[in-house]
Every structure is written in structure tokens, then in C-alpha cells.
Amino acid sequence: MRGSLLSRRTEQRLRQLAISTVGSVKIKLLLFLCIAFTLFALLSRGSGFTGWTSPSGPPDLLPFPRKGYAIVMNTWKRYDLLKQSISHYSLCPGLESIHIVWSEPDPPSDSLRKFLQHIVESNSRDGRQVELVFDINKEDSLNNRFKEIKDLKTDAIFSIDDDVIFPCSSVELAFNVWQSAPDTMVGFVPRAHWVDQSKGNNDYYIYGGWWSVWWSGTYSMVLSKAAFFHKKYFGIYTKEMPASIREYVTKNRNCEDIAMSFLVANATGAPPIWVKGKIFEIGSTGISSMGGHSERRTQCVNRFVAEFGRMPLVSTSAKAVDSRNIWFW
């Protein structure tokens, strides 16, 4: 009996020893794998620590073709503001050409042409020649700012009003953002829309200005008073968008920017991109300063929804910022 009992105890001890040994081996194996994985990760990033890079480089990555952009500036009998804006933006390094949308009854004076041309030539540096063009229109319409431009050498359009100025660094940031998403609108002035719940249905919308964006943290438009978009949308706006929308814009002298936002959203199914930038308002008058402006914009939104047959605008809360100018990411 004692012999059998001792053998049983011995057998149990051997089993416990075996189990503990296996557990220890598993733990050691797990630690070994963790260390090996860490070493592999460090070695794979060794080039980043030592400064060495593969001579051949990644086989499928090619440099992005960096093209410049064209400024299309809308103006109306504010020559001092026009001069200030041209003097500023002609210094921006990515600029290739400036197109002034002229819809006044009288053509630009020779003195104005000469002054602006002199400014542009004076600001052209390092062999860069910025082209200055007056796009003369016979009809006074806000649709003129979206007319096609013949022989335009750049794909990117920076649509801007003559009474707002952004630092060139902000413009270049927005241009870089647009290059990453060239089908969408990229701009500095966000606006919003939402369903009017008081109407009892989901078919009536309200236009929201800056304070609505600030309060809700969302937006669905960036205004063409300061926005990048592809030149192809000029042709779509003029030739493919319902003519009734252009007629409405001409008659009411408002909402061409909302119409362009509808057009781009309808084509892409995506929201625009808001770039945070410091804005300098150098003008004090404009359509937005008139009474009842928000109500008229709300009417435009609902009119365009009816014309498009649906609400194409897409809301978002994303915002592009220059991380070099902020303390925390």
C-alpha cells in the first residue's frame, strides 16, 4: 500500500513539474516572440534612424505633378480694393495667372490696366511670369464668375472676391489640400444647411451662416468667394446645369456660390473641405450686408433642391489646419 501511495505521489509531482515546465516554456516562447517582433520592427525602420535610404526607392511611387493655380477674381466698381488684392495675391508662389471677371458697363480704363500690369510684373520673381487677363462680359450677371476660360493652363481655380485677403501661406495650404482631392471644393468660408423641423417634413431646408457652423461644428458648403475647385466645373456650370438656375441667379443677384456648391456635391457625392485660414475683410459693403440676406439664401437652397430633384449637399465636421501653427495636434 505504501509503495503504491508513494508511486502515486511521485507521479503527481512529476505531472505538476511537467505542467509548470510547459507553462514556463510557453511564457519564455511568448517573450522571445515579443522581443523578436520588436527587433524586427526596429530593424525595418533602421533607415529612418541612421539616415540610410534604399538607392532605388519605392518602385511605384512617383512625385506628384505640381501645377500652379489660376485666380479668378470677381469685382465690381471697387478699384482700390482690386488694386490691394492684386498687389497681394501676385506675390503668392503657386500663382500662374489672374483673371479679373469684369461685368461693368464700361471697360477697364487704360490707367487701371497699366497699374495692375505694373504691379504683377514687379511682383514676379525668379523668372516667374504671372499672366494678368481681364475677362470682359457684356451682361451683368454673377454667373460670369463661372464662365469657361479658354486656354487655361492650370487645372486648379482659386475663386476669390476682391474684398477678402488671405495670407499666401494659407492659400498655398489650401492648394495642397485641393491637390489631394481635386474633384471637391476646398475653401475658407464654410456654410451649413439643415432640415426645418417646424415645417413638419424633411423637404424644406434652412441656410446657415457662420454662427450656425460655429455652433454645430458641421458644414456642407464652402463659398466660392474663397475656394479652390477644378476648372471642369466651369463647363458643367455653364453647359450642363439647368439653365433655370442660372436665370434665377441673374434675376436675384444672389446664390451663384450656393449653385456651385450644389453642382460639385451632386457630381462627387462628397462634402467640401474647409481650410482654416485668417481672413482679412478689406471691404465694408456687399450682398451679405443687406437685410434679409439669410432668408433669401434659404429660398435659394430650396429652389435648387427642387431643380436638382434632391438635396445633394453632404455635411461634414472635418477641417484642414496647418499643424505648424498650432501647439497641439
Side-chain angles (χ1 to χ4, degrees), residues 72-76 99 101-103 135-150 152 157-161 182-187 189-196 199 201-209 212 219-273 286-288 290 292-316:
V72 177
M73 184 176 294
N74 199 49
T75 187
W76 177 263
H99 298 261
V101 181
W102 191 272
S103 302
D135 293 333
I136 309 297
N137 298 279
K138 296 180 180 180
E139 179 188 16
D140 176 18
S141 172
L142 290 174
N143 294 312
N144 292 338
R145 70 185 307 164
F146 299 140
K147 280 188 174 181
E148 284 186 285
I149 299 175
K150 295 182 179 180
L152 192 61
I157 298 290
F158 183 43
S159 176
I160 188 77
D161 284 353
D183 285 330
T184 193
M185 289 185 73
V186 176
V189 186
R191 294 294 184 263
H193 81 284
W194 66 87
V195 176
D196 185 1
K199 298 295 183 180
N201 57 57
N202 294 328
D203 298 328
Y204 192 83
Y205 301 89
I206 295 178
Y207 172 87
S212 299
Y219 63 97
S220 57
M221 295 171 271
V222 290
L223 301 187
S224 56
K225 68 181 297 179
F228 278 94
F229 49 84
H230 198 283
K231 66 179 180 181
K232 66 183 178 182
Y233 291 119
F234 277 177
I236 298 174
Y237 187 97
T238 303
K239 298 176 181 179
E240 300 181 26
M241 191 177 67
S244 56
I245 294 180
R246 295 192 300 274
E247 293 168 0
Y248 184 89
V249 167
T250 298
K251 180 180 179 181
N252 292 275
R253 295 191 60 81
N254 205 333
C255 300
E256 84 289 352
D257 48 0
I258 297 179
M260 179 58 82
S261 290
F262 266 67
L263 185 152
V264 177
N266 186 65
T268 63
I273 301 175
I287 294 175
S288 60
M290 299 179 181
H293 178 67
S294 295
E295 290 76 9
R296 286 192 290 272
R297 305 279 277 183
T298 292
Q299 292 174 5
C300 291
V301 168
N302 288 282
R303 176 62 180 267
F304 297 162
V305 167
E307 295 286 352
F308 276 82
R310 67 186 188 94
M311 167 52 80
L313 299 177
V314 180
S315 296
T316 182

Could you pull out all residues at least two apart from Thr184 that satisfy side-chain hydrogen bond (donor to acceptor under 3.5 Å, both in side chains)?
-> none

Does a side-chain heavy-atom distance below 4.5 Å link Lys225 with Asn74?
-> no

State, to 0.1 Å, how close Trp102 and Thr75 come at their nearest heavy-atom pair, and which atoms those are.
-> CE3-CG2, 4.2 Å

Mind checking the OH-CG spacing from Tyr248 to Asn254? Nearest 0.5 Å is all I need.
-> 8.0 Å

Would you say the side-chain atoms of Thr250 and Ser141 include a donor-acceptor pair closer than 3.5 Å?
-> yes

Are side-chain heavy atoms of Tyr219 and Thr316 found at a separation under 4.5 Å?
-> yes

Check ring pair (Phe, Tyr, Trp, His ring centres under 6.0 Å) between Phe229 and all other residues, then give those that pass, not counting sequence neighbours.
-> Phe234

Atom CH2 in Trp194, atom OH in Tyr204: separation rounded to 0.5 Å?
-> 11.5 Å

Are any non-hydrogen side-chain atoms of Met311 and Val301 less than 4.5 angstrom apart?
-> yes

List the atom of Asp257, the atom of Ser224, and the distance in Å for their closest heavy-atom pair.
-> CB-OG, 3.2 Å

Give me the one residue out of Asp161, Val222, Leu223 that meets side-chain contact (heavy atoms from CB on, under 4.5 Å) with Val189.
-> Leu223

Mark yes or no for whether Arg246, through its side chain, and Met241, through its backbone, hold a donor-acceptor pair below 3.5 Å.
-> yes

How many angstroms lie between CG in Asn266 and CD in Glu240, if you round to the nearest 0.5 Å?
-> 10.5 Å

Which atoms form the tightest heavy-atom contact between Ser103 and Trp76, and what is the distance?
-> O-CZ3, 3.3 Å

Kindly indicate whether the side chain of Tyr237, heavy atoms from C-beta on, has any atom under 4.5 Å from the side chain of Asn143.
-> yes

For Pro312 and Ala265, work out which heavy atoms get closest and say how close.
-> O-CB, 3.5 Å

Check whether any side-chain heavy atom of Ile157 sits under 4.5 Å from a side-chain heavy atom of Phe146, and report yes or no.
-> no

Side chain of Asp135, backbone of Val101: donor and acceptor closer than 3.5 Å?
-> no

Spatial distance of atom CG (Asn252) from atom CD (Glu247) [nearest 0.5 Å] = 11.5 Å

Roughly how far, to the nearest 0.5 Å, is the CZ atom of Arg253 from the CG atom of Asp140?
-> 4.5 Å

Nearest atoms (heavy-atom pairs only) where Arg145 meets Ser159 = NH2-OG, 3.3 Å

Evaluate the side-chain proximity of Leu152 to His99: yes if any heavy-atom separation is below 4.5 Å, no if none is.
-> yes

State, yes or no, whether a side-chain contact exists between Tyr233 and Asp183 at a heavy-atom distance under 4.5 Å.
-> yes

Is His193 close to Ser315 at the side-chain level, that is, under 4.5 Å between some pair of heavy atoms?
-> yes

Rounded distance [0.5 Å steps], CG in Asp196 versus CG in Asp203 = 11.5 Å

Determine the minimum heavy-atom distance between Cys300 and Ile258, stating which atoms define it.
-> CB-CD1, 4.4 Å

Where do Ile149 and Lys231 land on the side chain to side chain contact (heavy atoms under 4.5 Å, CB included) test, with the steps shown first?
-> CA-CA 8 Å; Ile149 299 175; Lys231 66 179 180 181; over 6 Å; no

Aromatic plane relationship, Phe308 with Phe262 - under 30° parallel, 30 to 60° tilted, over 60° perpendicular = tilted

